[in-house]
There are 2 protein chains.
Amino acid sequence: MKRQITIKDIALKLGLSTSTVSRALKDHPDISPKTRAAVKELAALLGYRPNRIALNLRNNSTSTIGLIIPEIEHYFFSAIINGIEEVAYKNDYSVMVFQSNESYKREVINTQAVLTNRVDGVLVSFSKETNDFSHFQKLIDNEIPVVFFDRVIDELQADQVVADDYQGAFLAVNHLIEKGCKRIAHFAAPQHLAIGKSRLSGYHDALLKHNIPFDQSLVVLADTFDSARKSAHDILRRPDYPTGFFAVNDMAAIAIIKEAKHLGLRVPEDIKVVGFENSKSAAISEPELTTVDQFGFELGREACQLLLKRLKNEENETSFKPIKKVIKTRLVVRSST
Amino acid sequence: MKRQITIKDIALKLGLSTSTVSRALKDHPDISPKTRAAVKELAALLGYRPNRIALNLRNNSTSTIGLIIPEIEHYFFSAIINGIEEVAYKNDYSVMVFQSNESYKREVINTQAVLTNRVDGVLVSFSKETNDFSHFQKLIDNEIPVVFFDRVIDELQADQVVADDYQGAFLAVNHLIEKGCKRIAHFAAPQHLAIGKSRLSGYHDALLKHNIPFDQSLVVLADTFDSARKSAHDILRRPDYPTGFFAVNDMAAIAIIKEAKHLGLRVPEDIKVVGFENSKSAAISEPELTTVDQFGFELGREACQLLLKRLKNEENETSFKPIKKVIKTRLVVRSST
DNA sequence: TTACAAATTTCAATCGTTTGCACTTTAACA
DNA sequence: TGTTAAAGTGCAAACGATTGAAATTTGTAA
């Protein structure tokens with residue numbers, strides 16, 4: 001690689017010391033106008049760019065944040081990245097992306113990578129497999145600010161940003177009931193994830209509000225297209241199949257619709273379906289899917305803003321109080337209900 | 001931030017010099033077994049981690065690659081990132097992501113960011129707006145290896161990785177013809193993009209092969225959902241509307257299907273539609289979309305591998321010969337044709 | 001004991017930039 | 001002309017790790 005122009009090069013050509021050049025470049029008042037002008041001119045001419053790595057070393061900071069995320073391919077996560085990148089960009093931070101691919105092992109390695117790369121802070125949404133969180137604790141022990149988003153855990157002393165899963169689920173189920181559904185199934189996420197729990201509990205309470213008994217047999221674990229399609233097949237073949245479906249994400253909801261149509265049922269006449277995410281696919285599905293908008297972009301923005309705030313107040317080490325931000329959701333009504 | 005353990009800390013505690021500690025840690029033969037063992041033990045005990053930034057400065061390399069990409073939210077691009085991250089991860093590289101959001105201005109800033117961050121190499125898919133490429137030339141002038149993927153340009157002395165757009169388009173249109181379509185429309189991407197040109201020319205040649213005259217009025221510029229829906233509306237209202245549609249991407253194809261159904265036309269009975277991308281949405285659409293698989297993941301992998309190869313052979317500066325890799329595509333036949 | 005080689009270890013410079021302090025120049029005033 | 005303060009520059013250390021060369025220690029044989 002071509003050697004980059006350094007302060008030393010400029011100093012040499014001008015017969016100055018590196019200190020003078022350094023100060024001239026940043027308008028230090030000690031430097032005479034003549035010298036300053038000369039330095040700046042030559043710097044521009046040579047195309048001098050300060051070497052960030054040297055600065056990183058000196059300041060012990062990289063202006064980089066690490067992002068550990070299950071899978072970029074999910075619409076929801078890429079929307080979040082969008083929000084994160086937006087805020088990072090505006091604050092002159094760069095983002096390093098590490099995917100766990102929903103693997104705990106990979107995630108542990110990711111936390112190490114984040115450490116070796118000396119990022120200033122980390123944004124995390126952990127994998128479905130993860131139920132030991134000591135690798136994140138290690139980050140916190142190293143006093144690297146961590147903000148969890150979407151998939152969060154209360155046991156760690158760290159900030160959190162989440163969608164209002166409870167509210168969203170409540171809205172969704174309430175909507176199904178108002179549309180006339182008496183028996184409503186819930187396709188749920190694993191219950192060790194907070195989103196799994198909150199959405200189930202929103203579902204539960206919406207039923208309660210309308211005096212509909214909670215039926216455990218109508219709650220199935222299915223948060224992917226394939227598993228949801230299979231479960232939908234089973235449940236729709238029961239004689240007393242439910243007429244309302246609340247799925248934990250859009251993919252599962254779409255799988256339900258697909259399978260229903262496959263079995264000769266009409267949506268929304270025979271069954272009604274609500275998803276969660278408001279992905280691109282929701283608008284494409286046929287009929288278009290009623291869903292809960294999670295505002296992924298805003299969620300990413302909030303998470304990044306929170307992290308940057310922590311990075312700026314680093315001196316303030318007295319008694320860390322975790323902040324939990326909750327982003328309100330919104331029901332997007334379409335033709336599947 | 002807590003001060004990290006350095007080599008100096010270990011040296012001090014053991015009454016050694018930093019050089020000895022450094023060499024002991026990397027099994028240099030000069031170091032006596034006793035010393036080595038002692039150093040390693042203490043290093044492990046204290047949780048020593050080498051400071052990558054210091055190494056970056058010394059080696060003038062960051063083990064980081066920059067990725068400049070239009071929008072992460074597109075399935076195709078996130079699939080590519082997946083492939084890139086996979087290869088980077090295996091080779092101990094980290095990936096910094098910069099989105100241009102299809103904005104030329106932002107892209108120029110991204111190239112600067114990539115420079116200040118002193119990445120070792122850059123992977124680029126440029127924005128639709130871009131038709132001045134001097135900002136990329138600047139990267140090349142700085143002797144930073146650049147690999148273009150998907151959206152590429154021949155005028156720059158840089159490697160390229162692309163899907164075989166011509167072949168894919170040919171397959172798609174050939175398939176439509178074999179399914180009985182006589183009049184086939186093409187919803188195209190802007191013609192200053194190589195993908196726009198290649199896919200049009202694949203379309204053209206497939207027609208030619210079957211002696212179907214090329215009709216310019218059947219080629220419309222529409223590569224987004226909204227623009228395609230609008231164009232589909234117009235074209236389907238013509239009395240002599242075409243019965244085959246080849247869209248430059250899945251979103252446009254899905255828009256065509258939506259609009260056709262909206263106008264009371266049946267797919268695939270009345271019109272047949274083929275997309276390009278093989279996104280998740282293609283499998284979800286109703287009817288499921290026949291499309292050309294671009295193998296985004298493999299494309300990302302190839303691009304990253306090519307870049308890493310360049311990074312490894314940096315000494316070899318004699319007469320740079322750009323490499324162009326073409327990834328074969330595959331027609332995925334579903335029920336829209 | 002001396003000499004010499006081999007085995008270990010340390011020194012010092014390096015990467016590029018910043019910054020407290022010391023130094024030199026300039027100018028002004030007595 | 002000498003004194004002194006102000007203005008402008010330079011020195012050197014620091015960030016953390018590496019590495020060629022120099023220095024030290026150790027071992028061995030005469």
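Within every chain, numbering begins at 1; the chains are lettered A, B, ... in the order of the sequence lines, protein sequences first and strands thereafter. Computed from heavy atoms alone, side chains included, the values below leave out hydrogens, waters and symmetry copies. In this text the structure is predicted, and so the values were computed from the model without any measurement.
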Walking DNA chain D from its 5' end, the first of B/Ser22 and A/Ser19 to be reached, judged by nearest nucleotide, is A/Ser19

Distance criterion of 3.5 Å, no angle test: do you see the side chain of B/Arg23 paired donor-to-acceptor with the base of C/dT10?
yes

Students often get this wrong, so: under 4.0 angstrom with heavy atoms, is B/Thr20 touching a base, only sugar-phosphate, or nothing?
base

Selection from D/dG16, C/dG16, C/dT19 that lies nearest to any side-chain heavy atom of A/Lys26:
C/dT19

On the 0 to 90° scale, with breaks at 30° and 60°, tag the A/His74-A/Phe77 ring pair as parallel, tilted or perpendicular.
perpendicular

With respect to the side chain of A/Pro33, which nucleotide from D/dG8, D/dC15, C/dC11 is positioned closest?
D/dG8

Report the nucleotide, chosen from D/dT18, D/dA13, C/dT8, that has the shortest atom-to-atom distance to any side-chain atom of B/Ile7.
D/dT18

If the plane angle is over 60° it's perpendicular, under 30° parallel, otherwise tilted; pick one for B/Phe136 and B/Phe126.
tilted

Given D/dG10, is OP1 or OP2 found less than 4.0 Å from the side-chain N or O atoms of A/Ser17?
yes

Crowded around A/Glu41 CD? As in, over 12 foreign heavy atoms under 6.0 Å?
no

Does B/Asp30 or B/Leu57 map to a spot on DNA chain C nearer the 5' end, using the closest nucleotide for each?
B/Asp30

Select one nucleotide: of C/dT17, D/dT18, D/dG16, the one nearest the side-chain heavy atoms of B/Thr18.
D/dT18

Taking the side chain of B/Ser32 as its heavy atoms from C-beta onward, which of C/dT17, C/dT8, D/dT19 lies nearest to it?
C/dT8

Given atom NZ of B/Lys34 and atom C1' of C/dA7, what is their separation to the nearest angstrom?
11 Å

salt_bridge(B/Arg106, A/Glu85) N-O dist < 4.0 Å
yes

A/Leu16 side chain, from C-beta outward: closest of D/dT18, C/dT8, D/dT9:
D/dT9

5' precedence on DNA chain C between B/Arg118 and B/His28 (nearest-nucleotide basis):
B/His28

Go through D/dT9, C/dC15, C/dT10 for me and flag the one nearest to the B/Arg58 side chain.
C/dC15

Regarding B/Gln4 and B/Asn51, do their side chains bring together a donor and an acceptor under 3.5 Å, going by distance alone?
no

Between P of D/dT18 and CD1 of B/Ile31, the distance in whole Å
12 Å

